[in-house]
There are 2 protein chains.
Amino acid sequence: MTRRGFGQYCGLTRALEVVGERWALLILRDLMVQPRRYTDLLEGLPGIPTNLLATRLRELEESGVIERRIAPASHRGVVYALTPIGRALEPSIRTLGQWGTTLLGDPQPDEIVTPAVVVTAVRAAFDAQAARGLTATWEIHAGELTVHAETVGGKLESGVGPAGNTPDLVMTFRLDGLPSYPALIQAAKCGLVELDGDRKLLDTFLRVFGLTQAAQPGAKPGTPGPNE
Amino acid sequence: MTRRGFGQYCGLTRALEVVGERWALLILRDLMVQPRRYTDLLEGLPGIPTNLLATRLRELEESGVIERRIAPASHRGVVYALTPIGRALEPSIRTLGQWGTTLLGDPQPDEIVTPAVVVTAVRAAFDAQAARGLTATWEIHAGELTVHAETVGGKLESGVGPAGNTPDLVMTFRLDGLPSYPALIQAAKCGLVELDGDRKLLDTFLRVFGLTQAAQPGAKPGTPGPNE
DNA sequence: CCGAATCCGCAGTGATACTG
DNA sequence: CAGTATCACTGCGGATTCGG
């Protein structure tokens with residue numbers, strides 16, 4: 001069943017044999033945010049066939065990258081979570097995401113943004129250097145979307161939903177188009193954001209999460225695909 | 001030719017739409033070492049169908065990741081090389097390769113090692129911290145294989161073939177099995193290597209290129225713990 | 001020799017329906 | 001909720017062929 005390998009004894013090759021198949025890294029990106037159930041994953045990966053999700057989950061579990069957990073009492077069902085090996089992929093996902101962000105053009109008409117996408121973008125944009133000696137908590141609202149980010153001691157904690165503690169600054173965006181991360185940053189730079197809390201932390205946010213080197217609209221990467 | 005996208009406006013997603021298809025990152029890995037011709041690539045990617053290589057090269061060129069060059073005078077023909085966008089993938093390839101290296105088991109019977117594989121491994125293993133203030137040149141020989149590595153000012157220059165200047169230490173391995181990078185490191189640690197030059201640089205080599213930091217999951221800066 | 005294009009069988013994928 | 005089952009389709013693997 002397994003797709004054939006590449007016939008080379010090489011780290012990159014092995015990595016691609018394990019997580020290089022279609023949808024695999026996107027599944028892992030969503031699991032990087034938090035453990036998720038089968039249907040959560042289906043929802044976060046628009047268009048993935050259910051059988052393919054099941055197949056990938058099985059393969060990734062066999063590879064030791066993720067694990068199945070019987071869900072805790074409150075919700076019954078199964079939960080998928082990263083193993084330490086899977087969590088070790090975080091730098092790879094962040095680095096690849098940073099590269100891809102530089103060639104994000106305008107959104108295609110059928111492209112969407114999920115909470116996991118925004119959290120991943122926040123983590124990829126995080127500049128640990130700029131956050132040294134800083135302790136702060138932000139909350140981002142845009143439509144249905146709520147995401148939090150907290151930095152302390154040069155580290156980042158971020159995830160879907162409201163922050164655990166009281167945020168120092170709540171940023172609420174009212175956008176026409178997609179609440180994509182570049183769009184949020186752009187809006188924040190233009191002041192198109194409602195602020196609640198310590199307003200000085202807006203500039204701080206832009207310094208730490210501001211994509212200083214990314215995403216020029218109009219940089220066309222060729223055609224990633226007019227679907228359908 | 002409908003390249004199917006993933007329907008998300010996301011950096012990682014876009015990256016995978018551009019370089020996520022089978023063989024693409026391996027082609028780019030080989031081009032990362034040096035510009036190569038069509039047949040060089042065929043040789044370095046055992047088992048790739050010729051039509052698939054041609055298709056990938058066309059797609060990657062359209063995406064602006066690589067470019068076709070009319071070869072210089074000496075050999076006529078075409079040469080493929082990375083654009084700046086393609087070269088920007090180097091951290092991603094190195095990071096993914098480091099992850100994959102941690103799950104390299106024993107070589108499968110049909111797996112081989114190419115020069116580009118070893119050079120990529122050398123670059124992935126390079127510890128810039130350990131190389132600070134160090135200036136040295138090594139040359140590695142193992143069977144047909146010749147690779148050089150030179151560090152100066154905390155940076156690394158490495159490639160296929162002998163070094164440009166006279167190497168400070170030449171290491172010649174006589175291995176039974178595959179000259180894979182882990183096997184070379186293992187052999188070097190056991191002293192199973194012929195040395196020619198400054199023998200003290202063997203220990204230095206192992207400190208700088210010795211894969212000491214393999215598989216340390218969980219201790220990543222900026223990585224939140226598992227939340228629930 | 002280099003740089004592909006062409007043809008074909010099949011595995012991996014996509015969409016939908018269905019089940020414990 | 002958490003998957004299987006079915007089936008059509010397309011991208012891939014393998015071989016051969018073809019034009020500079």
Side-chain angles (χ1 to χ4, degrees), chain A residues 1-8 13 16-27 30-31 35-62 66-81 110 224-228, chain B residues 1-8 16-27 30-31 35-62 66-81 110:
Chain A
M1 284 326 165
T2 36
R3 189 103 87 128
R4 280 194 246 190
F6 291 97
Q8 295 183 338
T13 303
L16 293 176
E17 285 164 0
V18 174
V19 298
E21 301 192 45
R22 196 161 162 80
W23 296 104
L25 275 178
L26 297 182
I27 294 170
D30 280 15
L31 293 180
R36 316 226 71 186
R37 298 188 308 185
Y38 186 84
T39 41
D40 298 332
L41 290 168
L42 271 184
E43 192 182 352
L45 300 167
I48 189 174
T50 67
N51 58 350
L52 204 39
L53 176 56
T55 302
R56 289 288 172 273
L57 290 171
R58 200 181 315 118
E59 292 165 350
L60 292 172
E61 189 190 359
E62 283 170 10
I66 66 174
E67 63 183 6
R68 270 172 128 254
R69 290 183 193 158
I70 304 305
S74 54
H75 310 84
R76 62 216 160 127
V78 185
V79 164
Y80 292 92
D110 55 348
N227 307 354
E228 289 182 306
Chain B
M1 208 54 81
T2 59
R3 285 252 238 152
R4 287 193 206 229
F6 291 98
Q8 294 184 162
L16 293 175
E17 285 164 1
V18 174
V19 300
E21 302 196 41
R22 197 159 160 83
W23 295 103
L25 274 178
L26 297 182
I27 294 170
D30 279 16
L31 293 181
R36 315 225 77 188
R37 304 164 47 189
Y38 185 85
T39 39
D40 297 332
L41 290 168
L42 271 185
E43 192 183 352
L45 301 167
I48 190 175
T50 68
N51 57 350
L52 205 40
L53 176 57
T55 302
R56 289 288 171 274
L57 290 172
R58 199 183 317 116
E59 292 166 349
L60 292 171
E61 190 191 358
E62 283 170 11
I66 66 174
E67 64 182 6
R68 276 171 67 103
R69 288 184 194 159
I70 305 305
S74 55
H75 309 81
R76 44 192 185 158
V78 185
V79 164
Y80 293 92
D110 56 347

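Quick caveat: nothing in here was measured; it's all calculated off a predicted structure. Note that these values count all heavy atoms, side chains included, but never hydrogens, waters or copies made by symmetry. In what follows, chains are A, B, ... by sequence order, proteins preceding strands, each numbered from 1.
The pair B:E59-B:R56 counts as a salt bridge, with a side-chain nitrogen and a carboxylate oxygen less than 4.0 angstrom apart.
In the set D:dA15, D:dG11, D:dG3, the nucleotide with an atom closest to the side chain of B:R56 is D:dG11. Among D:dC12, D:dT4, C:dT13, the nucleotide with an atom closest to any side-chain atom of A:L52 is C:dT13. Closest contact between the side chain of B:R68 and the listed nucleotides D:dG3, C:dG3, C:dA15 involves C:dG3. Nearest to the side-chain atoms of A:A54 among the listed nucleotides D:dG3, C:dA15, C:dA5 stands D:dG3.
Contact check, A:W23 against C:dG14: a side-chain N or O comes under 4.0 Å of OP1 or OP2. Look at B:Y80 and you won't find any side-chain N or O under 4.0 angstrom from OP1 or OP2 of C:dC2. Within the 4.0 Å cut-off from OP1 or OP2 of D:dG14, at least one side-chain nitrogen or oxygen of A:R4 is found. For the OP1/OP2 pair of C:dG14 and a distance below 4.0 Å, the side-chain nitrogens and oxygens of A:R22 include at least one atom meeting the criterion. The phosphate of D:dA2 (OP1 or OP2) has no side-chain N or O of A:R36 nearer than 4.0 angstrom.
Here the P atom of nucleotide C:dA4 and the CG atom of B:L60 are 13 Å apart, to the nearest Å. As a whole-Å value, the separation of A:L42 CG from C:dA17 P is 16 Å. Here C:dG14 presents its P atom at 8 Å from CD1 of A:I48, a figure rounded to the nearest Å. Taking atom CD on B:E21 and atom C1' on D:dG13, their separation rounds to 15 Å, with Å as the unit. In this structure, B:E17 places its CD atom 17 Å from C1' of D:dG11, rounding to the nearest Å. When rounded to the nearest whole Å, the span between CG of A:D40 and P of D:dC1 equals 8 Å. Rounded to whole Å, the distance from CG on A:L53 to C1' on C:dT16 is 16 Å. Spacing between atom CG of B:L45 and atom C1' of C:dA4 amounts to 16 Å, rounded to whole angstrom units.
As judged by a 4.0 angstrom heavy-atom cut-off over every strand, B:T39 is placed among residues touching the sugar-phosphate backbone only.
In this structure, B:I66 and B:I27 have side chains that are not in contact, with every pair of non-hydrogen atoms separated by 4.5 Å or more. With a 4.5 Å cut-off on side-chain heavy atoms, A:V78 and A:Y38 do not count as touching. Between B:L41 and B:L57 there is a side-chain heavy-atom pair separated by less than 4.5 Å.
Contact annotation: side chain of A:N51 to base of C:dT13, donor-acceptor pair absent below 3.5 Å. Not a single donor-acceptor pair, N or O on each side, falls under 3.5 Å between the base of D:dA2 and the side chain of A:T50. Between the side chain of A:T55 and the base of C:dT13 there is no donor-acceptor pair of N/O atoms closer than 3.5 Å.
The residue among A:L57 and A:F6 whose nearest nucleotide of DNA chain D is located toward the 5' end is A:L57.
Closest approach of B:P35 to B:R69, counting heavy atoms only: CG-NH1, 4.3 Å.
A side-chain N or O of B:R68 and one of B:Y80 form a donor-acceptor pair less than 3.5 Å apart.
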